[in-house]
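Input: a single structure, listed below in structure tokens.
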Amino acid sequence: MQPLSPAFFARSTLEVAPDLLGTLLIHEQPTGERLVGRVVEVEAYTQDDPAWRSWGIVDAATGLVVPEGRGLDLFGKPGTAYVYLCYGRYWMLNVVTEPEGRAGCVFVRAVEPLAGRDVMWQRRPAARREVDLTNGPGKFSQAFDIDRRFHGRPLTAPPLYFAEDEEKRDWPIATSCRIGLHFGIDWPYRFFVEGHRCVSPGVPSDVAARARCAKRSGVINRRGR
DNA sequence: ACGAGGATGCTCT
DNA sequence: GAGCATCCTCGTG
């Protein structure tokens, strides 16, 4: 498994996000076992994004993410992890994008469990069906044992890294607005594999926003590269 | 099947 | 002290 390179992530966030769909997320366990999931749902977060308000790392006047404190990490090396704790329980995995000095990241929302499922079942006793192992950002981070210890570390080398899927399938990609936000809810920056069983069940909480986003949804092509 | 509500801890004001 | 890029449980039907 060849890891994706830092150069892959040192591009426009809106290019990286859909390109990340279909790639593999791999976590090599201390035991030698390898957890593998295929990325099926992501969200993009750009430098001028109102959604940063959710993280409290913006300048109140400009609305832009500020390069200090936690915000500084979003300006860091492309391909490194930005890990965030949500609601006191669940770890959110992001990968930093854009050339160094420019803020951006892709938030991984769901993967398809491909290998190491026995370990995932142990870590997720609440799961009923196989898709429940990884069909949400807090779920797959629990299944993959991802937490704060990966913050700032490269996702371009073991033990935790992204890799190209050798099957090279063409995935039908759909877009929508993002899920669970209070700011930037109209931005159509969510990308997911159309119809895939492992896409998270989440929907935009605001009914009006959901309707607006539905209008903007559409299938686009990937991997003409 | 689906919706409401609570758990929980980190970050910034 | 408030807010939060979630998930799970337990009600109803």
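Keep in mind that the numbers below use all heavy atoms, side chains included, and drop hydrogens, waters and symmetry copies. In what follows, chains are A, B, ... by sequence order, proteins preceding strands, each numbered from 1.
Judged by distance alone, the side chain of A:T80 and the main-chain N or O of A:P154 form no donor-acceptor pair under 3.5 Å. Side chain of A:E41 to main chain of A:V108: no donor-acceptor pair is present (N/O by atom type, distance under 3.5 Å, no hydrogens or angles). Within the 3.5 Å criterion, the main-chain N or O of A:P188 finds no donor-acceptor partner in the side chain of A:R178. A donor-acceptor pair is defined here as one N or O able to donate and one able to accept, closer than 3.5 Å; no such pair exists between the side chain of A:Q2 and the backbone of A:A163.
For the pair A:N135 CG and C:dT6 C1', the interatomic distance rounds to 12 Å; values are reported in whole Å. The distance from atom CD of A:E41 to atom P of C:dT6 is 10 Å, rounded to the nearest whole Å. Computed from coordinates, the A:F107 CZ to C:dC4 P distance equals 15 Å when rounded to whole Å. Taking atom NZ on A:K139 and atom P on C:dT9, their separation rounds to 11 Å, with Å as the unit. Look at OH on A:Y84: it is 13 Å from P on C:dG3, rounded to the nearest Å. Summarising the geometry, the separation between CZ on A:R124 and P on C:dC7 is reported as 8 Å, rounded to the nearest angstrom. Between the CG atom of A:N94 and the P atom of C:dC4 there is a distance of 17 Å, given to the nearest Å. Counting to the nearest Å, the C1' atom of C:dC4 and the OH atom of A:Y90 are 14 Å from each other.
Considering only side-chain N and O atoms, A:R89 lies nowhere under 4.0 angstrom from the phosphate OP1 or OP2 of C:dC8.
Residues forming a side-chain hydrogen bond (donor to acceptor under 3.5 Å, both in side chains) with A:E98 (at least two apart in sequence, or on another chain): A:T13, A:R102.
Closest approach to the A:H182 side chain among C:dT6, C:dC4, C:dC8 is made by C:dC4 (side chain taken as heavy atoms from C-beta onward).
No contact: A:R128 has no heavy atom under 4.0 Å from any strand. Counting any heavy atom pair closer than 4.0 Å across all strands shown, A:F183 reaches sugar-phosphate atoms only and no base atom.
In this structure, the separation between CZ on A:R11 and OG1 on A:T97 is 10.0 Å, given to the nearest 0.5 Å.
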Applying side chain to side chain contact (heavy atoms under 4.5 Å, CB included) to A:V66 and A:V58, what does each step give before you reach the verdict?
CA-CA 5 Å; A:V66 174; A:V58 295; 5.5 Å; no
For A:F192 and A:V40: C-alpha separation, side-chain torsions, deciding distance, then whether side chain to side chain contact (heavy atoms under 4.5 Å, CB included) applies.
CA-CA 5 Å; A:F192 57 99; A:V40 297; over 6 Å; no
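Scanning DNA chain B for stems, defined as runs of 3 or more consecutive Watson-Crick or G-U wobble pairs whose donor-acceptor distances all fall under 3.5 Å, gives the following ranges: B:1-7 with C:6-12, B:9-12 with C:1-4.
Counting 5' to 3', DNA chain B first comes under 4.0 angstrom of a heavy atom of chain A and last does so at the ends given by B:dA7 to B:dC12.
Remark: of the listed residues A:Y161, A:F150, A:F162, A:F150 is the sole one forming a ring-ring contact (aromatic ring centres under 6.0 Å, His included) with A:H27.
Nearer to the 5' terminus of DNA chain C, by closest-nucleotide assignment, is the contact made by A:L85 (compared with the other of A:L85 and A:D132).
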